[in-house]
Amino acid sequence: MDEKFLKPYSPSDTEKRIYELWEKSGFFNPDNLPDAKEREPFSMVLPPPNVTGTLHMGSALMLAIEDTIVRFKRMRGYRALWLPGTDSAAIATQARVEKNIQKTEKKNRHDLGRDELLKRIDTFVEQNKTTMLNQMRAMGASLDWSRYAYTMDDARYRSVMEAFMRMYEAGLIYRDYRIVNWDPKGQTTISDDEIVHEERKAKLYTFRYSKDFPIPVATTRPETKVGDVAVAVHPDDTRYQKYVGKEYDAVFCDVPIHIKIVSDKAVDPKFGTGAVGVTPAHSQTDWEIADRHDLPHDTIVINGYAKMTVSGRLEGKKVIEAREIVVDWLNNENLMEKEEDVSQNISTAERTGGIIEPLPKLQWWVDVDKQFVLSHSEIPGIASGDATTLKEIMRKSVESGATTFVTERYKRVYFNWIDNLRPWCISRQIWFGHRIPVWYKNDKMKVQVESPGTDWEQDPDVLDTWFSSGLWTFSTLGWPENTDDLATYHPTDLIETAYDIIFFWIARMILMSGFFIGQVPFKHIYIHGLVRDVKGRKISKSLGNNIDPVDMADKYGMDAVRLSLVMGTAPGTDSRISEDKIRGYKHFANKLWNITRFILERTKEITLAEKLNDADANIHREVSNLIQEVTDDIDKYRIHLASEKLYQFVWHRFADEILEESKPILMGDDKDARASRARLLRETLDIFLRLLHPFMPFVTEEIWQRIPDRSEKLLMIASWPSYHKE
RNA sequence: GGGCGCUUAGCUCAGUUGGUCAGAGCAACCCGUUUACACCGGGUAGGUCGGGGGUUCGAAUCCUCCAGCGCCCACCA
């Protein structure tokens with residue numbers, strides 16, 4: 001017996017060495033697996049972590065689940081590909097770098113210029129990337145590094161440009177002047193789903209524009225009222241019918257305004273006074289009302305820095321200051337009728353926390369409702385050559401079952417989102433990202449990747465990071481080229497990700513994959529929940545409750561960290577992590593270590609029986625049932641149950657009972673019983689190592705490398721145990 | 001306003017198509033150090049599975065109502 005077994009299992013002496021053994025074997029690349037060509041493919045892309053920092057427990061959970069599945073599939077004989085990558089996370093990354101520079105050098109991005117800022121970002125990204133890839137290795141992730149992709153690398157750049165061009169040619173990408181979600185803090189537009197609503201207390205003011213104005217209106221944003229062009233009332237509201245169509249002039253806080261009374265069904269007669277001051281340039285709803293009534297849209301009174309642009313006492317004031325000034329003015333003029341406290345949802349930018357200022361801007365959009373002809377379609381319900389829409393692709397892909405949610409309820413969440421989907425704003429006023437391939441000269445515009453000539457100016461904006469992420473399942477496999485990888489591994493079999501990016505990412509991948517290759521991007525969607533701290537709180541920097549997975553692995557071993565994340569964590573539900581939990585699973589790794597020691601020690605001088613006796617055959621059947629259940633569980637992605645069953649059986653059935661009762665047998669006089677039991681124990685150990693390997697790859701491989709009679713050299717590619725159907 | 005969930009032992013949660021599903025881990029208490037492991041073993045705890053009603057031969061598991069809690073979406077100014 002290997003002398004190592006005489007001491008407790010030491011993860012820190014083991015993990016790095018074992019990972020190198022795997023990586024050097026070349027079998028992370030499925031094409032190197034024995035008889036690769038005969039194997040059925042299984043593929044999965046890693047949701048690329050943002051290069052903004054280091055891995056957190058959420059990423060660790062994701063890696064643990066995915067690695068467990070891909071190791072299982074590999075052992076089951078699949079040509080298993082797990083494709084690694086990292087994400088540039090445009091806005092988040094640029095914001096981080098800008099902040100650092102602001103702090104250390106007191107410079108903003110304009111002081112540096114576009115080229116210099118991008119250089120700085122590249123340096124930052126390189127550093128983080130190295131750290132993160134090493135962390136993924138530390139997790140034991142059996143990723144095929146030969147296919148590593150980064151959202152901003154050359155191959156992905158080509159895919160993104162190609163995608164933009166094709167969508168533009170199909171008329172799905174267009175440029176439009178309309179209200180956008182402007183983030184004054186990040187100085188960029190963001191899409192609807194990058195908004196986070198925060199409930200805050202606000203005051204609702206009821207006032208009149210002037211003494212002779214007939215209708216009082218209510219607002220939470222008095223400062224925008226200098227941009228009003230109309231008052232809208234509900235068509236059925238009898239109180240105000242007589243005023244509809246009338247026009248009034250007033251000077252509101254030094255600003256001359258012209259107000260027309262219109263009737264529009266978007267107005268709720270029961271809210272406030274039943275009359276809305278219409279501010280087309282600073283409200284989505286109002287912009288649409290203005291559209292319907294042919295009102296002017298160009299009454300911009302707030303700029304991109306959230307400051308007032310009108311002249312008079314409000315000039316240059318921040319919106320918050322302007323609000324107070326307007327309120328004072330209304331009170332002084334006796335125009336204020338009521339002030340009441342209300343709570344309202346305020347829109348903030350997910351990445352920067354800035355309060356969104358709706359502003360009209362000329363931006364690029366993806367039209368999800370426009371019809372186009374999908375020339376090639378493998379999506380059930382849409383035939384090749386059918387006219388369809390992006391929204392329909394998203395709907396049919398899931399409705400038809402071509403792609404399924406492992407946790408059924410997320411299907412309804414997904415449909416709910418599609419139903420509310422509006423045009424997707426894809427241009428961002430930042431510098432880090434894929435620059436929009438559009439060129440301008442005077443009032444001419446060309447859409448192409450290469451510059452049309454020296455006197456043409458490229459659009460300064462870059463694409464929403466989710467635009468390129470949406471291509472991920474196929475851009476990583478070589479699209480737009482017709483590669484073998486694409487033919488072999490797409491659609492991918494599984495996507496595994498957190499529920500907070502179903503809309504950002506899952507839906508966009510379905511959209512993009514459907515449009516560009518007429519396929520679903522993946523057959524199954526496994527959604528995992530958030531990892532919370534021991535008190536159930538979200539893990540965040542400000543709370544300082546982050547537990548670093550690699551730190552924990554240094555203390556307790558990565559197998560323990562992985563088990564603590566996976567055990568009892570049902571798909572789609574949040575879980576809690578604590579150091580105590582991790583410590584507990586370290587004990588399990590050691591238990592397995594000692595089980596091995598016991599078996600090797602106690603059976604080394606016994607010649608194994610040819611055949612199991614009846615008692616041992618019964619135990620073998622028990623083990624066989626376990627194999628069946630565990631296999632079935634993992635096949636159905638119930639890895640939380642599979643791991644618990646294994647833990648339970650190995651420790652409390654096998655070690656506590658079977659090994660205990662084996663002691664007298666192995667030391668007894670019955671030679672046949674001894675031989676039979678020795679064989680049972682050796683075989684069962686072999687089976688356990690295989691079954692446990694996907695969950696705790698390091699300790700199982702380490703043991704495997706040290707047992708004398710193993711049939712296959714590397715546990716990582718050993719075959720999954722078979723079982724007899726009852 | 002719309003949607004999705006949660007409520008099971010002190011704590012954290014499992015419970016897959018309704019029938020050994022009333023469970024696990026941790027914590028607690030008692031006992032044990034005969035050589036695999038003290039990173040251990042044995043034992044103990046009695047939770048009417050949030051509440052009411054219903055379907056069923058049978059429900060934690062399906063339906064309905066009620067009470068708490070959470071999340072997501074939404075242009076109520």
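Sequence lines set the chain letters: A, B, ... in the order given, protein chains first and strands last, and positions in each chain run from 1.
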Check your understanding: What's the CD1-P distance between A:I527 and B:rG5, to the nearest Å?
Key -> 14 Å
Check your understanding: If the C1' atom of B:rC72 is compared with that of B:rC62, how far apart are they to the nearest Å?
Key -> 26 Å
Study note, to complete from the structure: So, with a heavy-atom separation below 4.0 Å from RNA chain B, the residues of residues 659-669 of chain A are A:L659, A:E660, A:K663
Check your understanding: Any idea how A:Y243 and A:Y240 line up, ring-wise: parallel (<30°), tilted (30 to 60°), or perpendicular (>60°)?
Key -> tilted
Practice item. Tell me the partner of B:rC40, counting only Watson-Crick (N1-N3 plus N6-O4 or O6-N4) or G-U wobble (N1-O2 and O6-N3) with both under 3.5 Å; none if nothing fits. Key: B:rG32
Check your understanding: So among A:W466, A:W424, A:Y499, A:W417, which one has a ring-ring contact (aromatic ring centres under 6.0 Å, His included) with A:F504?
Key -> A:W466
Review point. How far, in whole Å, is B:rU7 from B:rC29 if one measures between their C1' atoms?
Key: 29 Å
Practice item. Select base, sugar-phosphate, or nothing to describe what A:K636 touches, counting heavy atoms under 4.0 Å on all strands. Key: nothing
Revision key, fill the gap. Expected list for residues 572-582 of chain A near RNA chain B, using heavy atoms below 4.0 Å, is A:T573, A:R576
Check your understanding: Under the criterion ring-ring contact (aromatic ring centres under 6.0 Å, His included), which of A:Y647, A:F695, A:Y556 is the partner of A:Y585?
Key -> A:Y647
Review point. A:A232 near the nucleic acid: base, sugar-phosphate alone, or nothing, with a heavy-atom cut-off under 4.0 Å?
Key: nothing
Practice item. Take the protein atom CD of A:E644 and the nucleotide atom P of B:rG15, then report the distance between them rounded to whole Å. Key: 8 Å
Check your understanding: Given the C1' atoms of B:rU48 and B:rG52, what is the spacing between them in whole Å?
Key -> 14 Å
Review point. Contact class for A:R638 (heavy atom, under 4.0 Å): base, sugar-phosphate, or nothing?
Key: base
Under-3.5 Å N/O pairs linking protein and nucleotides 70-73 of chain B:
unit_1 : atom_1 : unit_2 : atom_2 : d
B:rC73 : O2'    : A:N420 : ND2    : 3.2

Review point. Rounded to whole angstrom units, what separation is found between the CZ atom of A:R409 and the P atom of B:rC6?
Key: 6 Å
Check your understanding: A:F654 and ring-ring contact (aromatic ring centres under 6.0 Å, His included): which partner among A:F649, A:F598, A:F688?
Key -> A:F688
Review point. Looking for any heavy atom pair under 4.0 Å, which part of the strands does A:H652 touch: base, sugar-phosphate only, or nothing?
Key: sugar-phosphate
Practice item. Measure from CG on A:L565 to P on B:rC13 and round the result to the nearest Å. Key: 15 Å
